[in-house]
Amino acid sequence: QHYFIQSNLSMVRIGQRVQVGDHCALVKYIGPVAGTDGEWVGVEWEEEGRGKHDGSHQEVRYFTTKPLHGSFVREQKLSSGTTLSEVLELRYNNVSGVGDEMSIYNRDNSSTSVELVGLSETDQRRAAMLTHLVMREEGIVAVGDEAYVREQCENTETLDMSLNLVFSAEELVKLVYLMPRLKGVQFKGNVLVERAVLGVREDGPHTSLERIYLASSGLSWSELCDLMAHFPNIQEVYISGSDLQITKTPDIILRHLTILDIQNSNITDWSVLSDISTLPKLQTLILSNNSITSIQISPNHLPHLESLSLDHNRISDWVSVAELRKLPALSTLRMRHNPLITGPALDMRLLLIAMLHRVKKLNGTPISDSERLQADIFYLKYFGGEFLKSGGCSEFQGLHPRFAGLVQEYGAPQGEAPRIASIKEQSVVVKFSDGAGREFEKKLLKSTPVKNVQLIVQRQFKVMPKKQKLYWVDSDEQKIYLDDPSRELSYFNILGDCKVFLEVQ
């Protein structure tokens, strides 16, 4: 069958995700290695330190990886993988019990009791199937027995196929079509080296699918659009970690899309987004971890965009911030770790609040009325020198259209430095938890370096700083790690009372 790796390596592809024993890697090279016999497969391990080199051997470079991530292995060491139908049968077909309760035997021979009331024997069997089916890291390369998968998964609504070995986009399409009620599929970590998909199938489009996760799949934008032609009602696409090379989107594709996650996609220029900015229903756009340096928004682009994430980019000018005012529906913004100013993160937050007065939530934290007032006053003083030098010229007013109104309300700035906040305003109460029931509270300055916080945690929980991973959870339930000991708490957006959790490494 086509999904098995052949002995002549004809089915192995450069870039394919493969399994060697219990470990996974990407194929980076296929061919001879000087001083040895036969063909080798050069791989880049996913686990740090598992390899022996960086892709070179005896001063000859065959491929490139990070240090100690590369190895050469023989093709017989590569797993041929398994099929979805085989895993389904192994995990869910071994059912025992009668009456109102039965047990499902798992792969590790543990069992789960399931209550079954008023169901026939056939219905009991189907009730054992999970509506939300999880098939993570099973070594699956293909569907296998299509009829069996169709029968067993007729009621499946969500499927997690993360970190398997599927390498064909057409196989992904086939898999989804076998589950007619499927609404969401998680497919991250499957590297698609065979990316072409056939045209619309004889049985028509799959109309139930609404969400698809394709992180690190390797698809380009045009290949994504070809894939999405099969799923006309798709609403959410998550495709981070691919070099997308965005091109024009056909009018009939992604017309119902509301959420698009293209973070970590090697985007350097905002202009490439012009081809997606006319998507009629797009409400959330995630662009974090790219290399965008400036923003230019054309009229009528992204008219319904409510939430924009720009964390970890390279935006360094206030003109780009001013451009965001052209987004009429924007109410939620993430813009941490951009080099707009060299001062504290709190200062940048206040300036963003003042310049983007329609934004209601910034960096995961709602903006209060008192904070907005503080931001307006800080903004007046921060840009007061420029205002006085410019005499309020049209160029200054174009960049700061609210400034004149704030001057009327609070009076003209005198060019003095922003006021120093009171100790109360500079402080936060932080509750620390080790996840095992132990907690303590500490009042800290927002300017406290993380390395000092680590020492406090060490004294209370007896965990050395090098073994600590500290984080807090923002209002969007995202973990914000305090991963730079030299940074202040305010840098990580700890601006109000919060809870910090400890993970031990």
Side-chain angles (χ1 to χ4, degrees), residues 5 9 12-36 38-82 108 136-141 161-167 186-193 215-218 240-243 263-266 288-289 312 337 434-435 450-451 454 457-458 463-471 479-487 501-505:
I5 296 173
L9 301 183
V12 180
R13 302 285 188 272
I14 298 295
Q16 184 175 338
R17 188 172 189 264
V18 295
Q19 192 167 329
V20 185
D22 294 328
H23 307 279
C24 289
L26 290 179
V27 175
K28 303 295 288 280
Y29 171 80
I30 302 171
V33 175
T36 67
E39 288 191 323
W40 293 85
V41 179
V43 299
E44 179 177 12
W45 297 103
E46 294 179 356
E47 299 173 58
E48 184 176 0
R50 180 163 182 78
K52 297 181 178 180
H53 50 72
D54 63 355
S56 60
H57 176 68
Q58 294 183 354
E59 300 184 355
V60 177
R61 178 159 300 283
Y62 295 90
F63 59 98
T64 302
T65 73
K66 292 181 286 187
L68 299 180
H69 276 69
S71 292
F72 291 102
V73 297
R74 293 294 190 181
E75 62 93 7
Q76 57 265 31
K77 294 288 187 180
L78 303 182
S79 169
S80 60
T82 186
D108 60 359
R136 295 173 62 94
E137 298 185 270
E138 295 286 355
I140 296 170
V141 293
M161 281 279 293
S162 301
L163 302 172
N164 278 286
L165 307 177
V166 178
F167 59 86
Q186 171 65 270
F187 207 70
K188 71 176 182 180
N190 290 267
V191 182
L192 301 175
V193 293
S216 304
S217 63
S240 61
S242 296
D243 190 0
Q263 61 181 308
N264 192 27
S265 295
N266 198 30
S288 303
N289 298 293
H312 295 277
H337 305 293
D434 69 348
V450 170
K451 61 184 178 183
Q454 290 176 323
V457 171
Q458 178 186 355
V463 178
M464 297 295 291
K466 65 181 180 180
K467 293 187 177 182
Q468 296 177 19
K469 284 187 73 173
L470 301 175
Y471 69 90
K479 292 183 179 180
I480 308 297
Y481 282 93
L482 314 186
D483 52 7
D484 187 341
S486 65
R487 296 286 190 178
F501 296 89
L502 167 66
E503 288 181 2
V504 180
Q505 302 187 79

Any side-chain heavy-atom pair of [X] and [Y] under 4.5 Å:
| X | Y | answer |
| --- | --- | --- |
| V141 | T82 | no |
| I14 | I30 | yes |
| Q16 | L165 | no |
| S162 | Q186 | yes |
| R61 | D54 | yes |
| T36 | F72 | no |
| Y481 | E503 | yes |

Drop me the distance from [X]'s [atom1] to [Y]'s [atom2], to the nearest 0.5 angstrom.
| X | Y | atom1 | atom2 | value |
| --- | --- | --- | --- | --- |
| K467 | Q458 | NZ | CD | 11.5 Å |
| L470 | I480 | CG | CD1 | 13.5 Å |
| H69 | E47 | NE2 | CD | 9.0 Å |
| E137 | L163 | CD | CG | 5.0 Å |
| K66 | L68 | NZ | CG | 11.0 Å |
| L78 | Q19 | CG | CD | 10.0 Å |

Restricting to non-hydrogen atoms, name the atom on [X] and the atom on [Y] that form the minimum distance, rounded to 0.1 Å.
| X | Y | answer |
| --- | --- | --- |
| V191 | G15 | CG1-O, 3.0 Å |
| S71 | W45 | OG-NE1, 2.8 Å |
| E138 | N164 | N-OD1, 2.9 Å |
| K28 | T64 | NZ-O, 3.1 Å |
| S265 | G241 | OG-N, 4.0 Å |
| Q468 | Q505 | O-NE2, 3.2 Å |

Self-check item: Polar side-chain atom of N190 near backbone of V166 as donor-acceptor pair, under 3.5 Å
Solution: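 Pair found, side chain donor or acceptor close to backbone of V166.
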Quiz item: Does R50 use its side chain to pair, donor to acceptor, with the backbone of G70 at less than 3.5 Å?
Solution: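 No: the side chain of R50 does not pair with the backbone of G70.
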Quiz item: More than 12 non-hydrogen atoms from neighbouring residues, nucleotides or ligands closer than 6.0 Å to NZ on K188, yes or no?
Solution: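 No, because the 6.0 Å sphere around NZ of K188 holds 12 heavy atoms or fewer from other groups.
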Practice problem: Taking atom CD of E48 as the centre, report whether more than 12 heavy atoms of other residues, nucleotides or ligands fall under 6.0 Å from it. | Solution: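 Not more than 12 within 6.0 Å, no.
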